[in-house]
Amino acid sequence: MADSEEQKFSLQEVFDTFKLCLSENKEVYLQHYVDGWRELVKFLNSLGSVFGFISKDAVNKIKILVAYLDGENSSQYVTVQSMVKYELDNGLVDLTKRGNYPESGCRTLLRLHRALKWLELFLERLRTSSEDGKTSVMCADAYNESLAQHHPWVVRKAAGMAFCVLPARVTFFEVLNAGPPEQAVAMLGEALPLISEVYQVTEVLYAQHNLLDLP
Ligand SMILES: CCCCCCCC/C=C\CCCCCCCC(=O)N[C@@H](COP(=O)(O)O)[C@H](O)/C=C/CCCCCCCCCCCCC
């Protein structure tokens, strides 16, 4: 398969992976979680090099988690719940300051988890926006309500500048490649509750273990 085909973004694929994320007893499968982010990064890459620094960070974090999924302790990384238990039971997480485990699964996933909140807020704005709604404003508002509080000034500034070059709503929907805007909006309406539930389950788990502020 040609490279360009491999990189083609599919909103349906995002929808499908987040649907597969939760087990019957509401555990989050790490593999599907990572696959969902991989698909989203394809979309980000299609927006151009201005988003390269964001894509790079997301890819780095995905790679860290993939290394655990493929590593010698892979059976401990099947779900986010098993990962949390394994890493905590074995003292593999820097809990208060950065130390021996700067790339623990728990802290790496937390960064993506926070970004998932941004995604949920952004997609909800996109879904409910009018034809003349500005994606840059939707994106910035969603960011300021979520991820921004975890980023230093320089990252906030760079992110804010990148948002300014986001395409207009109509073009954004074209890049989404999910049919006419009404069809894409309907798909977002189906995908959002799934994303939201994955977020909530992870949030509760991390709160129960006091992991929401990992350095
Ligand atoms: C349904 C499809 C439509 C929308 C598709 C959106 C696609 C978005 C794809 C990926 C989003 C990127 C996720 C970024 C994860 C950032 C994790 C993070 O917070 N990292 C920071 C902290 O890490 P550590 O230093 O503690 O290891 C790191 O400092 C971040 C650096 C990069 C800046 C991150 C800004 C994130 C802005 C939100 C994404 C905007 C994308 C806009 C595209 C519409």
Side-chain angles (χ1 to χ4, degrees), residues 7-18 33-65 94 97-98 101-127 129 133-169 171-179 181 183-192 194-196 212-215:
Q7 295 305 315
K8 205 162 193 275
F9 170 78
S10 157
L11 184 57
Q12 184 65 49
E13 188 72 29
V14 174
F15 178 87
D16 290 343
T17 48
F18 280 103
Y33 192 92
V34 162
D35 289 343
W37 277 107
R38 269 212 191 101
E39 197 58 35
L40 288 164
V41 166
K42 279 190 206 168
F43 180 83
L44 192 61
N45 290 340
S46 74
L47 293 177
S49 57
V50 180
F51 295 90
F53 74 105
I54 302 177
S55 168
K56 198 170 161 200
D57 186 68
V59 168
N60 278 342
K61 287 174 170 55
I62 289 169
K63 279 188 181 158
I64 292 170
L65 294 175
D94 292 333
K97 59 177 171 50
R98 296 194 77 167
Y101 305 102
E103 296 193 342
S104 68
C106 287
R107 126 352 124 204
T108 303
L109 188 117
L110 176 63
R111 271 52 184 179
L112 294 178
H113 168 68
R114 290 169 176 166
L116 198 63
K117 187 64 188 176
W118 160 80
L119 183 71
E120 184 189 338
L121 294 171
F122 173 60
L123 294 185
E124 180 56 15
R125 280 172 166 81
L126 191 62
R127 189 183 75 82
S129 60
K134 285 197 179 321
T135 53
S136 53
V137 174
M138 295 177 224
C139 188
D141 287 349
Y143 176 74
N144 290 333
E145 260 184 50
S146 54
L147 267 180
Q149 40 200 286
H150 304 288
H151 289 165
W153 181 87
V154 64
V155 172
R156 293 201 304 270
K157 204 76 192 155
M161 281 159 68
F163 299 158
C164 290
V165 305
L166 277 173
R169 183 181 181 274
T171 316
F172 195 92
F173 275 121
E174 279 167 23
V175 186
L176 268 186
N177 197 26
Q183 199 173 308
V185 162
M187 207 183 274
L188 289 179
E190 287 184 66
L192 266 162
L194 301 170
I195 291 173
S196 173
L212 287 169
D213 294 310
L214 291 180

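Each ligand, and each atom within it, is numbered from 1 in the order the structure gives. Computed from a predicted model, the values in this text were never measured in an experiment.
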Legend entry - Neighbour count above 12 (heavy atom, 6.0 Å) for Lys134 NZ: no

Inset, instruction - Go through ligand 1 atom by atom and flag the ones less than 4.0 Å from a non-hydrogen atom of Arg107. - result: 24 (P), 26 (O), 27 (O)

Legend entry - Nearest atoms (heavy-atom pairs only) where Ser136 meets Leu166: CA-CD1, 4.1 Å

Inset, instruction - State the CD-CD1 distance between Glu103 and Ile64, to the nearest 0.5 angstrom. - result: 3.5 Å

Legend entry - ring pair (Phe, Tyr, Trp, His ring centres under 6.0 Å) assessment of Phe122 paired with Phe43: CA-CA 14 Å; Phe122 173 60; Phe43 180 83; 8.6 Å; no

Inset, instruction - Could you tell me whether ligand 1 has any atom less than 4.0 Å away from a heavy atom of Leu126? - result: no

Inset, instruction - Would you indicate which of Leu147, Asn60, Ile62, Val155 comes nearest to atom 29 (O) of ligand 1 when only heavy atoms are counted? - result: Val155

Legend entry - side chain to side chain contact (heavy atoms under 4.5 Å, CB included) assessment of Thr17 paired with Trp37: CA-CA 9 Å; Thr17 48; Trp37 277 107; over 6 Å; no

Inset, instruction - Rounded to the nearest 0.5 Å, what's the gap from CG on Asp57 to CZ on Phe51? Could you check? - result: 15.0 Å

Legend entry - Minimum-distance protein heavy atom relative to atom 5 (C) of ligand 1: Phe43 CD2, 3.4 Å

Legend entry - Atom indices of ligand 1 within 4.0 angstrom of Phe163 heavy atoms, with elements: 37 (C), 40 (C)

Inset, instruction - Any chance you could lay out the side chain to side chain contact (heavy atoms under 4.5 Å, CB included) test for Cys139 and Trp118, step after step, and finish with the verdict? - result: CA-CA 8 Å; Cys139 188; Trp118 160 80; 3.8 Å; yes

Inset, instruction - Heavy-atom contacts with Leu11 under 4.0 Å: which atoms of ligand 1 show up? List them by number with element. - result: 1 (C)

Legend entry - Separation of Leu147 CG from Ile54 CD1 (nearest 0.5 Å): 9.5 Å

Legend entry - Of the listed options Tyr143, Trp37, Trp118, closest to atom 42 (C) of ligand 1 (non-hydrogen atoms): Trp118

Legend entry - Heavy-atom nearest neighbour in the protein, as seen from atom 7 (C) of ligand 1, with distance rounded to 0.1 Å: Leu40 O, 3.6 Å

Inset, instruction - From atom 22 (C) of ligand 1, work out which of Arg111, Arg38, Arg114, His113 has a heavy atom at the shortest distance. - result: Arg111

Legend entry - Top protein contact for atom 21 (C) of ligand 1, by heavy-atom distance: His151 NE2, 3.6 Å

Legend entry - Any non-hydrogen protein atom less than 4.0 Å away from atom 25 (O) of ligand 1: no

Legend entry - Pairwise distance CG(Leu119) to CD(Glu124) - rounded to 0.5 angstrom: 11.5 Å

Legend entry - Where Phe9 and Glu39 come nearest, the two heavy atoms and their spacing: CD1-O, 3.2 Å

Inset, instruction - Please verify whether a non-hydrogen atom of His150 lies at under 4.0 Å from ligand 1. - result: no

Inset, instruction - Please work out whether the ring planes of Tyr143 and His151 are parallel, tilted or perpendicular, with thresholds of 30° and 60°. - result: tilted

Legend entry - atom 15 (C) of ligand 1: the protein heavy-atom neighbour that sits closest, reported with distance to 0.1 Å: Ala115 CB, 3.8 Å

Legend entry - Contact check, Lys56 vs ligand 1, heavy-atom distance below 4.0 Å: no

Legend entry - For atom 44 (C) of ligand 1, the protein heavy atom that lies nearest, with its residue and separation: Leu166 CD2, 3.8 Å

Legend entry - atom 43 (C) of ligand 1 [closest protein heavy-atom partner, distance rounded to 0.1 Å]: Leu44 CD1, 3.6 Å

Legend entry - Spacing of Leu188 atom CG and Arg125 atom CZ [to the nearest 0.5 Å]: 14.0 Å

Legend entry - Top protein contact for atom 2 (C) of ligand 1, by heavy-atom distance: Leu176 CD2, 3.7 Å

Inset, instruction - Look at atom 31 (C) of ligand 1 and find which of Asp57, Val14, Leu192 reaches it with the closest heavy atom. - result: Asp57

Legend entry - Residue part near ligand 1, for Thr135, under 4.0 Å between non-hydrogen atoms: neither

Inset, instruction - Name the closest protein heavy atom to atom 12 (C) of ligand 1, giving the residue it belongs to and the distance to 0.1 Å. - result: Ile54 CG2, 3.5 Å

